Amino acid sequence: MGQLILRKADFFTSVGQAVAVADRYPQNVFAEHTHEFCELVLVWRGNGLHVLNDRPYRITRGDLFYIRAEDKHSYASVNDLVLQNIIYCPDRLKLNFDWDAHIPGFSGPERRAHWRLGSTGMSQARQVIAQLEHESAHPDVQVNDMAELLFAQLVVTLKRHRYTTDNLSATSREPLLDKLITALAGSLDTPFVLETFCEQEQCSERPLRQQFRSQTGMTISQYLRQLRICHAQYLLQHTEILIGDIAMQCGFEDSNYFSVVFNREIGMTPGQWRHRSRDGTASNINMMND
């Protein structure tokens, strides 16, 4: 079976349309594919497994991806996953704007694909996207020009508010939930104690746990465990690091316990997964839902 390719003609209303919004309410499981266009992916709530160029990411609210046409990706193990795809054709953009400076990998291979947005950035991005959708629903002779202007506003907004996934200082003025998700992403190889986090932030554990589950569809411990398993999958496939050392780098002090957890989540041992992933068969293996 050949690679699934999403075609421009199926997503754009005309050959002159450069930008469109593709809602995923919710995003269902979607097989690995590439595109004839590029896209920005913004996750609003829920969770899922996003495999991008054979690298697994456990995604939830605030995750942001810059996807190039040639990138291959898929969605699996989704749980009330709500996201929006802003799709665009670089060759159709006519606005005299420095797209390279605002969209990682716009015209070159060097780029960071995965970022995060805090609540402030998400709110501002939503407003621009809503305007972009409104323009698309009421086409006139200026619709493509307006859409491109709004797209430029969106990519500037995203650049202003995006931050690397483990940059805790970037969330200093954001709500507690943003701080917590970023703190968890920065705890892949170190213990995370919620009680200590709540003491530092002077907040109560129970409401934070409830808010986290409401927005992500997971408990805090489930999310952190799956972040660590995703990181382990990447290291197993792309490095020669010993499995025991990978366990340590992914926050598991006991390699036997790491193997038990990995097997429970993925359905095979770390060694089996390393072998199968290098045979090119693991990219479509679903991570188990809790």
Side-chain angles (χ1 to χ4, degrees), residues 3-4 24 26-35 39 41-43 46-68 70-81 83 85 104-105 111-116 164-166 181-182 184-189 216-241 243 245-247 249-252 258-290:
Q3 179 75 58
L4 174 63
R24 297 291 184 266
Q27 171 68 60
N28 297 315
V29 170
F30 203 109
E32 184 178 89
H33 59 280
T34 60
H35 320 79
E39 64 183 5
V41 178
L42 294 90
V43 183
N47 70 83
L49 181 67
H50 182 206
V51 182
L52 173 61
N53 296 327
D54 294 325
R55 179 165 189 166
Y57 298 88
R58 175 56 66 171
I59 58 173
T60 190
R61 72 179 301 280
D63 279 309
L64 164 67
F65 289 88
Y66 293 85
I67 309 294
R68 301 170 300 182
E70 65 269 25
D71 290 333
K72 58 180 182 178
H73 69 141
S74 62
Y75 294 95
S77 300
V78 297
N79 177 22
D80 190 29
L81 181 62
L83 56 80
N85 294 335
R111 101 284 196 222
R112 177 189 290 269
H114 182 209
W115 300 78
R116 282 200 56 79
T164 55
T165 54
D166 59 352
I181 292 175
T182 304
L184 292 169
S187 301
L188 294 180
D189 60 349
T216 69
M218 294 180 286
T219 67
I220 293 169
S221 60
Q222 286 170 340
Y223 179 64
L224 179 56
R225 182 171 67 250
Q226 296 200 17
L227 285 180
R228 288 172 169 172
I229 292 297
C230 282
H231 187 47
Q233 287 179 286
Y234 175 76
L235 294 176
L236 287 164
Q237 183 172 0
H238 297 284
T239 75
E240 300 299 329
I241 301 173
I243 290 175
D245 293 334
I246 288 177
Q249 290 188 28
C250 296
F252 296 90
F258 165 65
S259 294
V260 169
V261 173
F262 191 95
N263 195 4
R264 185 176 68 222
E265 298 287 342
I266 306 303
M268 63 185 72
T269 67
Q272 290 170 331
W273 198 90
R274 169 172 270 174
H275 176 73
R276 291 190 63 178
S277 67
R278 294 181 178 185
D279 286 342
T281 60
S283 61
N284 292 321
I285 296 172
N286 293 356
M287 180 178 290
M288 301 293 184
N289 277 324
D290 288 278

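From a predicted model like this one, the values you see are computed outputs, not experimental measurements.
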Heavy atoms, side chains only, cut-off 4.5 Å: are [X] and [Y] in contact?
{"X": "His73", "Y": "Glu39", "result": "yes"}
{"X": "Leu81", "Y": "Ile59", "result": "yes"}
{"X": "Pro270", "Y": "Ile246", "result": "no"}
{"X": "Arg116", "Y": "Asp63", "result": "yes"}

Do the side chain of [X] and the main chain of [Y] share a donor and acceptor less than 3.5 angstrom apart?
{"X": "Gln3", "Y": "Glu32", "answer": "yes"}
{"X": "Arg228", "Y": "Ala247", "answer": "no"}
{"X": "Asn263", "Y": "Val260", "answer": "no"}
{"X": "Asn79", "Y": "Asn47", "answer": "no"}

Give, for atom [atom1] of [X] and atom [atom2] of [Y], the distance between the pair rounded to the nearest 0.5 Å.
{"X": "Leu188", "Y": "Thr165", "atom1": "CG", "atom2": "OG1", "value": "8.0 Å"}
{"X": "Gln249", "Y": "Phe258", "atom1": "CD", "atom2": "CZ", "value": "10.5 Å"}
{"X": "Asp189", "Y": "Cys250", "atom1": "CG", "atom2": "SG", "value": "8.0 Å"}
{"X": "Ile220", "Y": "Leu184", "atom1": "CD1", "atom2": "CG", "value": "6.5 Å"}
{"X": "Arg55", "Y": "Tyr234", "atom1": "CZ", "atom2": "OH", "value": "5.0 Å"}
{"X": "Leu224", "Y": "Ile181", "atom1": "CG", "atom2": "CD1", "value": "12.0 Å"}

Problem - Tyr223: partners by side-chain hydrogen bond (donor to acceptor under 3.5 Å, both in side chains), with sequence neighbours left out - result: none

Practice task
Apply side chain to side chain contact (heavy atoms under 4.5 Å, CB included) to Leu227 and Ser187, showing your working.
Solution key: CA-CA 9 Å; Leu227 285 180; Ser187 301; over 6 Å; no

Problem - Qualifying residue, where the test is side chain to side chain donor-acceptor pair (under 3.5 Å) with Arg58 and the options are Gln222, Gln226, His231 - result: Gln226

Handout entry: Least distance between heavy atoms, Gly186 atom then Asp166 atom
Key =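 Looks like CA-CB, 3.8 Å.
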
Completion exercise
Smallest heavy-atom separation, Ser74 atom then Ala31 atom, equals CB-C, 3.7 Å

Handout entry: Derivation of the side chain to side chain contact (heavy atoms under 4.5 Å, CB included) call for Phe65 and Asp71
Key = CA-CA 11 Å; Phe65 289 88; Asp71 290 333; over 6 Å; no

Exercise for the section: Quick one: list whatever passes side-chain contact (heavy atoms from CB on, under 4.5 Å) with Glu70, sequence neighbours left out. Expected result: Arg68

What orientation do [X] and [Y] show, parallel under 30°, tilted 30 to 60°, or perpendicular over 60°?
{"X": "Tyr66", "Y": "Trp115", "result": "perpendicular"}
{"X": "His33", "Y": "His35", "result": "perpendicular"}
{"X": "His50", "Y": "Tyr57", "result": "tilted"}

Exercise for the section: Could you please spell out the steps behind the side chain to side chain contact (heavy atoms under 4.5 Å, CB included) verdict for Arg225 and Thr219? Expected result: CA-CA 10 Å; Arg225 182 171 67 250; Thr219 67; over 6 Å; no

Exercise for the section: Could you please spell out the steps behind the side chain to side chain contact (heavy atoms under 4.5 Å, CB included) verdict for Lys72 and Asn53? Expected result: CA-CA 5 Å; Lys72 58 180 182 178; Asn53 296 327; 3.7 Å; yes

Handout entry: Partner of Phe262 under side chain to side chain contact (heavy atoms under 4.5 Å, CB included), chosen from Leu236, Ile243, Thr269
Key = Leu236

